[in-house]
2 protein chains.
Amino acid sequence: MNRNPVAASLSQRAYNDIRYRILSGQLPLGTSISRRTLAADLGMSVVPVSDALQRLSTEGLVESWPRVGTRVRIPTSQDVRGHYVVREALESQSARLFSQKSTPEERKEILELAETLDQLYRNGNADDESKEALFALHQLHQQFHMRIAECGGHPALCQAIENNHVLTFNWLYDTAARRTKLPERHHGRLAESLCQDDPEKADLAMREHVIYGRDDLLRTLSVLFR
Amino acid sequence: MNRNPVAASLSQRAYNDIRYRILSGQLPLGTSISRRTLAADLGMSVVPVSDALQRLSTEGLVESWPRVGTRVRIPTSQDVRGHYVVREALESQSARLFSQKSTPEERKEILELAETLDQLYRNGNADDESKEALFALHQLHQQFHMRIAECGGHPALCQAIENNHVLTFNWLYDTAARRTKLPERHHGRLAESLCQDDPEKADLAMREHVIYGRDDLLRTLSVLFR
DNA sequence: TGTTGTAAACTGGCATATCAGATTCAGATG
DNA sequence: CATCTGAATCTGATATGCCAGTTTACAACA
């Protein structure tokens with residue numbers, strides 16, 4: 001059998017496109033999605049669109065009821081709590097592996113990424129509040145965590161973290177609330193903890209980082225939907 | 001919109017059926033799957049079968065290449081390692097939450113389940129080596145871990161654990177190798193550790209349990225595919 | 001004005017047909 | 001016997017059309 005990487009199928013393109021539309025705010029939370037309209041818009045039939053929506057549904061970005069409709073899911077605070085429990089588990093494991101397996105070059109890369117992140121979080125609000133800038137910041141934050149996971153050497157863990165859409169929710173609410181406040185050198189200190197050859201310490205530092213993000217997001221939620 | 005539970009669709013039935021056929025050995029590892037043949041066999045068209053196979057593909061039980069074919073995936077030892085890294089993360093988190101949130105009744109239930117499991121693992125091989133008996137044992141083991149997760153109070157974590165198919169792989173190789181050896185009171189001692197109101201201890205005990213299972217499975221693998 | 005009934009419009013689920021690429025195997029060629 | 005060849009036969013991907021529920025808009029009526 002041919003194990004070459006599959007060419008980008010229409011289903012895949014639909015998935016990427018719809019996902020981007022949701023994350024970028026083109027499809028705000030709660031928006032109804034019509035398979036037929038969307039298919040016409042994307043220049044394809046409804047089948048690949050349905051495939052994509054099914055994937056997004058299992059991932060929790062979208063919800064669908066038979067013969068009723070599909071819409072962009074509005075995560076509840078209970079959803080957020082649940083997702084963060086999973087994320088705490090996965091990211092702390094990722095931190096353990098990073099502290100055990102990362103090379104000096106990789107550690108340097110992570111430390112630099114952390115510095116960049118902290119700078120952007122410090123200046124971002126003042127300089128540029130556009131959606132594009134916030135989206136870029138969101139992506140960089142995601143990259144920071146994904147690079148840490150990649151350095152752990154287990155693709156399965158990377159995939160599990162990527163499938164956990166807390167950062168996605170984070171971005172959605174960031175967009176709504178324009179919330180980008182963080183303590184000084186927040187990521188910098190985390191990165192330093194990860195580089196100290198102490199898996200338990202790395203685990204704990206990442207747990208604190210994740211829980212800080214969770215509480216921050218829950219505060220935002222309570223303001224948005226009070 | 002109507003939020004009632006959806007009726008069992010053909011896609012869902014196809015998913016359950018195919019999954020059961022794989023786990024029960026009706027579709028052995030590596031078997032090619034024809035959408036058309038399977039659809040005729042299940043009395044439906046290829047569309048719901050394709051939906052089901054897509055889900056099973058993202059879950060890793062099945063692999064598919066465009067215009068080539070679909071077959072039951074043979075997990076590699078690298079797959080197994082990766083899955084166990086994720087499982088270690090999720091189950092240790094589950095153990096933490098259990099030690100913090102479980103009620104006395106729930107703890108009693110888990111302790112009893114552990115005793116039953118230990119008995120079956122001790123006697124199972126001697127009494128009954130049928131596939132059905134091994135499958136039942138596998139399901140009970142899975143139930144043990146799922147109940148622990150449920151008592152933690154976070155459905156999202158339960159779902160994440162359920163989506164992690166290490167226990168499934170475990171069953172597949174158990175079937176192939178008839179391996180059911182475990183140390184005396186293996187699950188009993190784990191359950192006792194979970195009930196001591198010490199999240200860190202529970203975390204560690206579960207990590208050891210998971211890693212024991214991983215190494216055991218890797219040994220089996222090295223024998224099977226040496 | 002407010003309520004109700006009903007039909008049109010819309011939804012996701014599914015069946016069927018077609019397409020292009022991959023595989024396979026009989027038969028020709030050396 | 002080994003090797004090449006090409007057509008028949010597979011594969012998954014996709015398009016299209018239909019179906020049976022759900023929602024909605026609007027007219028008829030109180």
Side-chain angles (χ1 to χ4, degrees), chain A residues 1-19 21-22 26-74, chain B residues 1-19 21-22 26-74:
Chain A
M1 288 188 179
N2 171 23
R3 270 112 183 168
N4 288 340
V6 292
S9 62
L10 288 184
S11 298
Q12 186 64 39
R13 275 180 31 203
Y15 172 82
N16 292 335
D17 200 306
I18 299 171
R19 187 171 144 76
R21 291 187 186 205
I22 294 173
Q26 290 178 44
L27 289 173
L29 297 182
T31 308
S32 284
I33 297 177
S34 163
R35 281 157 149 76
R36 286 165 173 82
T37 310
L38 197 51
D41 197 18
L42 294 175
M44 58 184 73
S45 82
V46 295
V47 177
V49 174
S50 289
D51 288 351
L53 288 178
Q54 191 199 333
R55 281 181 61 187
L56 291 166
S57 173
T58 65
E59 290 172 4
L61 271 180
V62 139
E63 55 188 354
S64 174
W65 297 281
R67 295 178 198 94
V68 177
T70 305
R71 64 178 193 181
V72 183
R73 182 139 181 266
I74 303 176
Chain B
M1 286 189 179
N2 170 24
R3 272 114 180 168
N4 289 338
V6 291
S9 62
L10 288 185
S11 297
Q12 187 63 41
R13 276 180 30 204
Y15 171 82
N16 292 335
D17 201 306
I18 299 171
R19 186 172 146 76
R21 290 187 187 205
I22 293 173
Q26 290 177 44
L27 289 172
L29 297 182
T31 308
S32 285
I33 295 178
S34 163
R35 281 155 148 78
R36 288 163 175 82
T37 310
L38 197 51
D41 197 19
L42 294 175
M44 57 184 72
S45 83
V46 296
V47 177
V49 173
S50 288
D51 287 350
L53 288 177
Q54 191 200 331
R55 281 182 62 187
L56 290 166
S57 172
T58 65
E59 291 172 3
L61 272 179
V62 139
E63 55 188 356
S64 174
W65 295 280
R67 297 180 198 90
V68 177
T70 305
R71 63 179 191 179
V72 183
R73 183 139 181 263
I74 303 176

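Quick note on labels: first sequence line is chain A, next is B, and so on, each numbered from 1.
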Sort and list the pairs that fulfil salt bridge (charged side-chain N to carboxylate O under 4.0 Å, His left out) and have at least one residue in residues 38-48 of chain A, not counting sequence neighbours.
A/Arg21-A/Asp41
Rounded interatomic separation in angstrom, taking CD from A/Glu63 and P from C/dG12:
12 Å
Across all chains, not counting sequence neighbours, the side-chain contact (heavy atoms from CB on, under 4.5 Å) partners of B/Ser34 are B/Arg36, B/Thr37
Atom pair CZ/CG of A/Arg19 and A/Leu61 - distance to nearest 0.5 Å
6.0 Å
Quick one: what's the B/S/- string for nucleotides 11-18 of chain D, heavy-atom cutoff under 4.0 Å, read 5' to 3'?
BBBSBB-B
Can you find a pair of side-chain heavy atoms, one from A/Arg55 and one from B/Gln54, that are under 4.5 Å apart?
yes
Is there side-chain contact between A/Val62 and A/Ile22, with at least one heavy-atom pair below 4.5 Å?
yes
Here the distance between atom P of C/dC14 and atom CG of B/Leu42, to the nearest Å, is 13 Å
